[in-house]
Amino acid sequence: MSNSSNSLRLAVLGCGGRGIGVAQEFQECGFGHVTALCDVSENSLKKGLQTFPNAAATTDVDALGKRADVDAVLIASPDDKHVDNALAMRPYKKHLLVEKPLAISVADCDRLVNGYAGETQTVQMVGLCMRYTNLMMRVHELVAAGTIGEMLTAHCVDYVSVGGDYYFHRWMSRKKHVVGLLLQKGCHSLDFISWILNSRPVKVHAFGGLDYYGGEEPPEKVCSSCDEFKDCTERMEAVASYDYMKNPVKVPDACAFSREIDVCDNSVVNVLYESGAKLSYTEVHFSPDYVREFSFVGTKGRIEVAAPHNGPQEIFLSFRHRPRKLMHETIEASPGGHGGGDRAMMREFVNAIREKRAPLTDFSAGRECAAISISAEQSIESGQVVEIRNVDGSPRVVTRQKGRSRGMSRSAMTAKTNFRV
């Protein structure tokens, strides 16, 4: 197996748009080259070979695993196939990068975590690319340095103006494929927040609704042959561009008001963590803008984060025990898909392999954010609080005692920060 950071031989298992797009970033950045492609669809393989004409192609997962010219496998198959495909690679000792979400059930997440328990010769990573952006790395740096003290609450709103284009014209609008958009979309923000809080979730309670999309249209109705195409505000063009793909692609155009759509288009989630920290998270797929907004409140102050899809990304910092001067920092995004997150994610994957260490977003991290998302969807269905347990089935408890931070207020008066003004 190759250990050189600039000669990694990558296979792509699942040759849809996301898999091919990330593989292009990998190769263009000089991390290595794509040597093999695998997909059950011959048509998808043909499309993949248009991008990587020198790669070997197969529909057989085991044949892929046996290849001596493959060091690592990017698994970008449909979400419900992630675990089976990853476990199929286990005997072949390939490094793995599994696209998010890790799985569509907590049981499957646990099956994968347990399946790779004790495996130290290979790297197992989840593609939670948002953690790796310049903005999120900077927020983590500030919080980890104690800039705002002990973390107590977090708040986030995912405003998604492209909910129709990204989800409701496609297979992602059906629960049977994705469980819900809190898993498909929300796992990024939920992973980032858990990382910032440095704690694991204990309980989840959520509400949600399908209040804008969906309706009574027949499932076979498509935009391209619809008489109302010109007048429909949710029409889907035949070709679309995504920031994680190099070229525009032909996209599905099923009606966004189909009666078969059953995922929520807006949700509100509350989470309690082992540390005692609490999170409120909102996801809206019919907003006029596309932006994530975060707020983290600690014993010393607050960090607010504005992360628009395009435009300046900003961090605001204020303190409780100092003059209420608002400190501000603008963060530049790096080139590449997902605001530079894709390239930084692949760099972390390659570095983890070279340095023989666990990556920042390993299977356990993927399990935790998936567990929040899946538990939230279960709570929406049942109306009940859902408890998250450990992989071994044991319960989790809140360890923080009330009033523990009372003595910190005086020391906060003289605390220093590394915030750039």
Side-chain angles (χ1 to χ4, degrees), residues 16-18 21-22 76 78-80 82 98-105 126-133 136 155-195 204 206-214 234 240 242-245 251-252 256 261-269 271 279-294 305 307-310 337-339 341-342 345 361 365-366 368-380:
R18 177 61 177 161
V22 172
D79 299 348
D80 60 344
H82 285 176
V98 181
E99 176 58 7
K100 63 80 193 169
L102 187 61
I104 63 171
S105 74
V126 184
L128 292 161
C129 58
M130 198 175 85
R131 269 209 211 185
Y132 299 97
T133 63
M136 302 314 174
H155 312 272
C156 174
V157 182
D158 268 354
Y159 294 109
V160 190
S161 61
V162 294
D165 290 355
Y166 278 33
Y167 304 109
F168 288 92
H169 291 285
R170 307 170 64 188
W171 55 272
M172 295 179 186
S173 64
R174 274 66 166 174
K175 289 183 180 180
K176 65 182 180 181
H177 297 305
V178 299
V179 178
L181 297 183
L182 287 170
L183 180 62
Q184 180 61 221
K185 170 69 174 177
C187 67
H188 280 302
S189 294
L190 293 169
D191 168 68
F192 170 65
I193 293 166
S194 295
W195 183 45
V204 178
F207 297 95
L210 180 60
D211 300 318
Y212 179 81
Y213 293 105
E234 296 298 326
Y242 300 101
D243 74 335
Y244 56 85
M245 298 179 66
V251 293
I261 292 174
D262 58 359
V263 298
C264 293
D265 56 25
N266 67 106
S267 305
V268 179
V269 182
V271 184
L279 160 68
S280 65
Y281 171 77
T282 300
E283 186 175 292
V284 183
H285 286 272
F286 46 85
S287 67
D289 44 8
Y290 191 11
V291 59
R292 287 183 172 95
E293 295 180 352
F294 299 90
V305 182
H309 185 64
N310 290 304
H338 289 105
D342 286 344
M345 175 184 71
T361 49
E368 293 303 319
C369 66
I372 298 174
S373 302
I374 295 165
S375 297
E377 296 289 353
Q378 291 172 345
S379 179
I380 291 170

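These numbers were taken from a predicted model, which means no experiment stands behind them. The analysis underlying the following values was restricted to heavy atoms, covering all of them including side chains, and did not include hydrogens, waters or symmetry mates.
You'll find the side chain of Leu128 stays beyond 4.5 Å of the side chain of Phe192, heavy atoms only. You'll find the side chain of Ser267 reaches within 4.5 Å of the side chain of Ile380, heavy atoms only. Two residues are said to be in side-chain contact when any heavy atoms from C-beta on lie closer than 4.5 Å; Val178 and Trp171 meet this criterion. Counting heavy atoms from C-beta on, the side chains of His177 and Asp80 never come closer than 4.5 Å. Between Trp195 and Ile193, the closest side-chain pair of non-hydrogen atoms is not below 4.5 Å. A heavy-atom distance below 4.5 Å is not found between the side chains of His338 and Thr133. A 4.5 Å side-chain heavy-atom check between His188 and Cys369 finds every atom pair outside the cut-off. Using a 4.5 Å heavy-atom cutoff, the side chains of Leu182 and Glu283 are in contact.
Taking the ring pair (Phe, Tyr, Trp, His ring centres under 6.0 Å) definition, one finds that Tyr132 meets it with nothing, sequence neighbours left out. With sequence neighbours left out, the side chain to side chain contact (heavy atoms under 4.5 Å, CB included) criterion links Ser189 to Met130, Cys156, Asp158, Tyr281, Arg292, Phe294. Looking at residues two or more places apart in sequence or on another chain, you find no salt bridge (Lys or Arg N to Asp or Glu O under 4.0 Å) involving Asp265. With sequence neighbours left out, the salt bridge (Lys or Arg N to Asp or Glu O under 4.0 Å) criterion links Glu99 to Arg18. Scored by the side-chain hydrogen bond (donor to acceptor under 3.5 Å, both in side chains) test, Glu234 finds Tyr212, Tyr213 as partners (sequence neighbours excluded). Take Glu293 and apply the salt bridge (Lys or Arg N to Asp or Glu O under 4.0 Å) test, not counting sequence neighbours, and it matches no residue. By the ring pair (Phe, Tyr, Trp, His ring centres under 6.0 Å) test, Tyr159 pairs with no residue at all, sequence neighbours left out. By the side-chain hydrogen bond (donor to acceptor under 3.5 Å, both in side chains) test, Ser194 is found to be paired with Tyr273, residues two or more places apart in sequence or in another chain being considered. With sequence neighbours left out, the side chain to side chain contact (heavy atoms under 4.5 Å, CB included) criterion links Pro308 to Val291, Gln313. Here Asp262 pairs with nothing under the side-chain hydrogen bond (donor to acceptor under 3.5 Å, both in side chains) rule; sequence neighbours left out. Here Val179 pairs with Ile104, Leu183, Glu377 under the side chain to side chain contact (heavy atoms under 4.5 Å, CB included) rule; sequence neighbours left out.
Between Cys264 and Gly208, the shortest heavy-atom distance links the atoms SG-C, 3.7 Å. Closest of all the heavy-atom pairs between Ala103 and Ala370 is O-CB, 4.4 Å. Of all heavy-atom pairs spanning Met345 and Val22, the tightest one is CE-CG1, 4.3 Å. Heavy atoms only, all atoms of each residue included: Ala256 and Ile261 are closest at O-CD1, 3.1 Å.
Atom-to-atom distance recorded for Cys187:SG and Glu368:CD is 13.5 Å, nearest 0.5 angstrom. A distance of 9.5 Å separates CZ in Arg170 from OH in Tyr166, rounded to the nearest 0.5 Å. Interatomic distance, His155 NE2 to Leu279 CG, rounded to the nearest 0.5 Å: 8.5 Å. To the nearest 0.5 angstrom, Leu181 atom CG is 10.5 Å from Lys175 atom NZ.
When atom types are taken as modelled, the side chain of Ser375 and the backbone of Ile372 share no donor-acceptor pair closer than 3.5 angstrom. Asn266 places a side-chain N or O within donor-acceptor distance of the main-chain N or O of Gly209, the cut-off being under 3.5 Å. Listed for the Thr361 side chain is a donor-acceptor partner under 3.5 Å among the backbone atoms of Val126. At distances below 3.5 Å, not a single donor-acceptor pair connects side-chain atoms of Ser161 with backbone N or O atoms of Ser287. The closest donor-acceptor contact from the side chain of His82 to the backbone of Pro101 lies under 3.5 Å.
Applying the salt bridge (charged side-chain N to carboxylate O under 4.0 Å, His left out) test to pairs two or more places apart or on separate chains, those with a residue in residues 176-192 are Arg131-Asp191.
The aromatic rings of Tyr167 and His285 sit perpendicular, their planes meeting at an angle over 60°, well past the 30° parallel limit.
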side-chain contact (heavy atoms from CB on, under 4.5 Å), that's the test. Do Ser373 and Leu190 meet it? Break it down for me.
CA-CA 8 Å; Ser373 302; Leu190 293 169; 3.4 Å; yes
